[in-house]
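A short write-up of the structure that comes next.
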Amino acid sequence: MATSINCPHFVHHNTKDLAEAMASPASFKLLYFPLMGRGSTSRDLLSYGGADFESIHPPSWPTDKPNTPFGGLPVLFITGKNGKEVVLSESSIVETYLANLYHLMGDNAYDAAVIRAVHNSAADLQTNMSGTVTFNHPGAKEKCLETFTTATLPNMLCSWERHLVDNGSNGFFFGDRLSLADIRVANILEHLANQPNADDLMAIVAKYPHVFKVRESVANHPKLKAWRQSEGWLTYQKSMRGFMANAGPK
Ligand SMILES: N[C@@H](CCC(=O)N[C@@H](CS)C(=O)NCC(=O)O)C(=O)O
């Protein structure tokens, strides 16, 4: 557990040592709430990479918030083999950094662009859901949930299904191995599966069997299975359910 957080500023000059620390990391600390949410893909990536990492939680969020680069989590602390510490913020930046480190971005710039596009689409879906459904006012929530379940969600699932079929219906978005795209999409599926209305949401997902299969490819991947079945993962899942049951303005 972190005792204090103070990283509102980035370094702007003489960054060569920091780039070296990112290229040769010794250990990591991932600061996020004790939930799944936007920290869960990075936890998967660190587990996949067999990293020496600690999951830490903000000791007092209202106090800690202004001490982070953008007032939000996750934040990744990297300690390089050269002893330098790097602070990364924004979930998609943290996730693409880790995915590059662990060779989860395909083999070339085109592969990486497609993998990032899928990754981005999953992040957008989660942001849409948080803003329009989870944290919206009770009056507006219901209408937004209808739009989300009849248009936003099925439209995205339909696009993902098409890309998965194009790739050969093998449970991966790109090629014949796991990539950041699969891990990010699996995490939004977990997000849906832990909502109070999870049964309704997962009934929609079930209409897209190739998307459903991605969830299984990630959960059963040899480098992720132990983490995904661990006490730590299950605890985050349980707290996510509790948090989501009470989320949003009343
Ligand atoms: N664009 C940011 C969003 C970060 C964000 O809003 N995180 C939420 C948790 S998922 C948070 O910190 N909420 C608490 C707050 O805003 O005070 C990212 O992707 O990292």
Side-chain angles (χ1 to χ4, degrees), residues 1-2 4-10 22 28-46 53-78 86-101 104-105 115-137 141 144 148 152-153 156 180-198 201 232-233 235-250:
M1 183 74 70
S4 72
I5 295 163
N6 193 7
C7 52
H9 300 282
F10 291 123
M22 288 174 73
F28 302 90
K29 284 183 185 172
L30 182 78
L31 176 67
Y32 192 66
F33 302 103
L35 303 165
M36 293 180 129
R38 280 195 180 88
S40 61
T41 299
S42 292
R43 288 191 196 113
D44 275 354
L45 290 164
L46 289 161
F53 85 98
E54 195 184 342
S55 244
I56 57 174
H57 312 131
S60 165
W61 181 239
T63 314
D64 299 327
K65 184 177 169 76
N67 292 331
T68 64
F70 298 109
L73 300 180
V75 168
L76 181 70
F77 299 88
I78 307 164
V86 176
V87 178
L88 291 189
S89 183
E90 285 295 313
S91 55
S92 35
I93 301 309
V94 170
E95 289 160 15
T96 44
Y97 160 68
L98 292 172
N100 272 308
L101 194 65
L104 288 162
M105 298 298 286
I115 290 166
R116 288 186 73 158
V118 175
H119 171 268
N120 213 54
S121 68
D124 273 0
L125 186 69
Q126 190 155 350
T127 301
N128 177 295
M129 186 179 175
S130 294
T132 68
V133 181
T134 313
F135 295 108
N136 209 342
H137 291 276
K141 220 172 181 156
C144 289
F148 185 77
T152 317
L153 177 61
M156 186 54 76
L180 174 63
D182 308 310
I183 298 179
R184 187 63 186 84
V185 168
N187 274 284
I188 178 85
L189 298 181
E190 292 309 327
H191 191 69
L192 298 173
N194 289 293
Q195 300 296 318
N197 56 343
L201 295 171
W233 193 87
T235 302
Y236 287 132
Q237 182 190 48
K238 195 171 161 208
S239 4
M240 190 72 193
R241 283 186 185 158
F243 175 79
M244 282 297 161
N246 296 300
K250 301 288 173 284

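Read the numbers this way: they start at 1 and go in the same order the structure lists the ligands and their atoms. Just so it is clear, the structure is predicted and the values come from calculations on it, not from any experiment.
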### Query
Under 3.5 Å, is there a donor-acceptor pair between the side chain of Tyr97 and the main chain of Met22?
yes
### Residue and atom name of the nearest protein heavy atom (relative to atom 9 (C) of ligand 1), distance in Å to one decimal
Tyr32 OH, 3.6 Å
### Message
Could you identify the single nearest non-hydrogen protein atom to atom 1 (N) of ligand 1 and state the distance to 0.1 Å?
### Response
Glu90 OE1, 2.8 Å
### Heavy atom of the protein closest to atom 19 (O) of ligand 1 (residue, atom name, distance)
Ser91 OG, 2.6 Å
### Query
Any chance the side chains of Thr127 and Arg38 put a donor and an acceptor closer than 3.5 Å?
yes
### Query
Is it true that a side-chain atom of Ser42 and a backbone atom of Gly39 form a donor plus acceptor pair closer than 3.5 Å?
no
### Query
Within the distance-only criterion (no hydrogens, no angle test), does the side chain of Asn187 pair as donor or acceptor with the backbone N or O of Ile183 below 3.5 angstrom?
yes
### Message
Would you say that Glu190 contacts Met240 through its side chain, given a criterion of any heavy-atom pair below 4.5 Å between the two side chains?
### Response
no
### Message
Tell me the nearest of Glu95, Gln126, Arg38 to atom 3 (C) of ligand 1, using heavy-atom distances.
### Response
Arg38
### Query
What's the shortest distance from atom 13 (N) of ligand 1 to any protein heavy atom, and which residue and atom give it?
Phe33 CE1, 4.0 Å
### Interfacing atoms of ligand 1 (cut-off 4.0 Å, heavy-atom, Lys65)
15 (C), 16 (O), 17 (O)
### Task
Any atoms of ligand 1 less than 4.0 Å from a non-hydrogen atom of Gly72? List them with their elements.
12 (O)
### Query
Any N/O of Leu73 closer than 3.5 Å to an N/O of ligand 1?
yes
### Message
Check for me whether Pro74 has a heavy atom closer than 4.0 Å to any atom of ligand 1.
### Response
yes
### Message
Among all protein heavy atoms in this structure, tell me which lies nearest to atom 14 (C) of ligand 1, with the distance rounded to 0.1 Å.
### Response
Trp61 NE1, 3.5 Å
### Query
Is it true that Phe70 lies under 4.0 Å from ligand 1, counting heavy atoms only?
no
### Task
Report yes if the side chains of Leu98 and Leu180 come closer than 4.5 Å at any heavy-atom pair, otherwise no.
no
#### Entry: Close N or O approach (Ser92, ligand 1; < 3.5 Å)
no
### Message
Looking at Tyr236, I'd like to know if the NZ or CZ of Arg43 sits under 6.0 Å from its six-membered ring centre while staying within 45 degrees of the ring's axis.
### Response
yes
### Query
Atom CG of Asn67 and atom CG of Asn6: how far apart are they, to the nearest 0.5 Å?
4.5 Å
